[in-house]
Amino acid sequence: MPLVKIEIFRGQSAEYKSKLITSVTQGLDASLSVPSDKLTQRIYELDKEHFITPPGKSDKFTVIEIIMFPGRDDVLKKSAISEITRLLGDSPGIPPNDVYIIMEERTKENWGSGGLQGTEFAK
């Protein structure tokens, strides 16, 4: 049940954001077997003066942070990064150089949902 945070420049269309979410969802499902009903995604739109990027990045620059339970090996993580980046290139057309993906693992003890600790709901 990964938690995904996507940061983009303000001003993209609703269609663009929908394609962005769809590509991340498909990438996580294909690479890490995360079904869409176990995934929460949030898009944060930032004004250009609040989103300073490295030189050479376009207006499609995107940062994706994925927080998930530990246990996936480096091969699966590499696959997820590659697949999400590929899908974002296909739709909505984000160049690979404009995609940053950060994966962070948090133990089940550090999650909570519905008043339950992750150890209670994520077996």
Side-chain angles (χ1 to χ4, degrees):
M1 66 179 292
L3 180 63
V4 179
K5 178 181 178 182
I6 302 169
E7 294 175 318
I8 61 174
F9 285 114
R10 186 176 311 284
Q12 299 292 354
S13 69
E15 179 183 11
Y16 180 94
K17 291 181 271 190
S18 177
K19 289 178 180 180
L20 179 63
I21 286 176
T22 297
S23 290
V24 172
T25 300
Q26 290 173 347
L28 287 171
D29 186 30
S31 59
L32 301 180
S33 300
V34 177
S36 61
D37 66 339
K38 299 290 184 191
L39 183 61
T40 300
Q41 295 189 66
R42 303 159 296 152
I43 293 180
Y44 288 77
E45 296 182 83
L46 301 166
D47 294 322
K48 289 187 180 190
E49 62 268 19
H50 298 134
F51 196 7
I52 309 305
T53 63
K57 303 302 177 186
S58 78
D59 286 347
K60 291 186 176 184
F61 184 74
T62 303
V63 176
I64 301 169
E65 296 178 47
I66 303 168
I67 302 172
M68 59 190 173
F69 295 139
R72 294 171 179 94
D73 65 30
D74 289 345
V75 173
L76 285 175
K77 292 175 193 172
K78 182 178 181 176
S79 173
I81 291 168
S82 295
E83 185 66 5
I84 292 167
T85 302
R86 182 187 71 75
L87 289 167
L88 290 172
D90 293 345
S91 179
I94 303 171
N97 189 47
D98 280 342
V99 178
Y100 277 25
I101 299 175
I102 301 104
M103 294 184 167
E104 185 176 337
E105 294 180 322
R106 304 253 177 98
T107 62
K108 292 177 184 179
E109 295 81 11
N110 292 317
W111 287 73
S113 179
L116 301 174
Q117 189 178 37
T119 56
E120 299 171 287
F121 66 81
K123 305 294 179 186

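Computed over heavy atoms, backbone and side chain alike; hydrogens, waters and symmetry mates excluded. All residue numbers in this chain count up from 1 along the given sequence.
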#### Entry: Cluster companions of I66 among Ile, Leu, Val, Met, Phe, Trp, Tyr (side-chain spacing under 4.5 Å)
V4, I6, I8, Y16, L20, I21, V24, L28, L32, V34, L39, I43, I64, M68, L76, I81, I84, L88, I94, V99, I101, M103
### Message
Can you give me the closest heavy-atom contact between T53 and F61, atom names plus distance?
### Response
CG2-CD2, 3.3 Å
### Message
Under the rule for side-chain contact (heavy atoms from CB on, under 4.5 Å), what residues qualify as partners of E49, not counting sequence neighbours?
### Response
D47
#### Entry: salt bridge (charged side-chain N to carboxylate O under 4.0 Å, His left out) partners of D29, counting only residues at least two apart
none
#### Entry: side chain to side chain donor-acceptor pair (under 3.5 Å) partners of K60, counting only residues at least two apart
none
### Message
Run the side-chain hydrogen bond (donor to acceptor under 3.5 Å, both in side chains) test on T119 and Q117 for me, step by step, so that the C-alpha distance in whole Å, both residues' side-chain angles and the decisive distance to 0.1 Å come before the verdict.
### Response
CA-CA 5 Å; T119 56; Q117 189 178 37; 3.2 Å; yes
### Under the side chain to side chain donor-acceptor pair (under 3.5 Å) test, residues paired with K17 that sit two or more places apart
E45
### Query
Are the side chain of S18 and the backbone of A14 linked by a donor-acceptor contact shorter than 3.5 Å?
no
### Residues forming a side chain to side chain donor-acceptor pair (under 3.5 Å) with Q12, sequence neighbours excluded
none
### Message
Once side chain to side chain donor-acceptor pair (under 3.5 Å) is applied, do any residues pair with Q41, and if so which ones, sequence neighbours excluded?
### Response
T25
### Query
Sequence neighbours excluded, which residues qualify as ring pair (Phe, Tyr, Trp, His ring centres under 6.0 Å) partners of F69?
W111
### Partner residues of D37 under the side-chain contact (heavy atoms from CB on, under 4.5 Å) criterion, sequence neighbours left out
P35
### Summary
Closest heavy-atom pair, F9 versus D59, reported as atoms and distance to 0.1 Å, is CD1-O, 3.2 Å
## Note on the structure
Applying side-chain contact (heavy atoms from CB on, under 4.5 Å) to T40 and not counting sequence neighbours gives L3
### Query
Hey, is the main chain of K19 close enough, under 3.5 Å, to the side chain of S23 for a donor-acceptor pair?
yes
### Task
Check F121 against L116 and note the closest heavy-atom contact, atom names and distance.
CE2-O, 3.5 Å
### Task
Scan residues 82-95 for pairs that pass salt bridge (Lys or Arg N to Asp or Glu O under 4.0 Å), counting only residues two or more places apart or in two chains.
E83-R86, R86-D90
### Task
If a pair satisfies side-chain hydrogen bond (donor to acceptor under 3.5 Å, both in side chains) and one of its residues is in residues 93-107, list it, with sequence neighbours excluded.
K57-N97, S58-D98, K77-E105, E104-R106, T107-E109, T107-N110
### Task
Decide side-chain contact (heavy atoms from CB on, under 4.5 Å) for I67 and K5; before the verdict, give the C-alpha distance in whole Å, the side-chain angles of both, and the deciding distance to 0.1 Å.
CA-CA 9 Å; I67 302 172; K5 178 181 178 182; over 6 Å; no
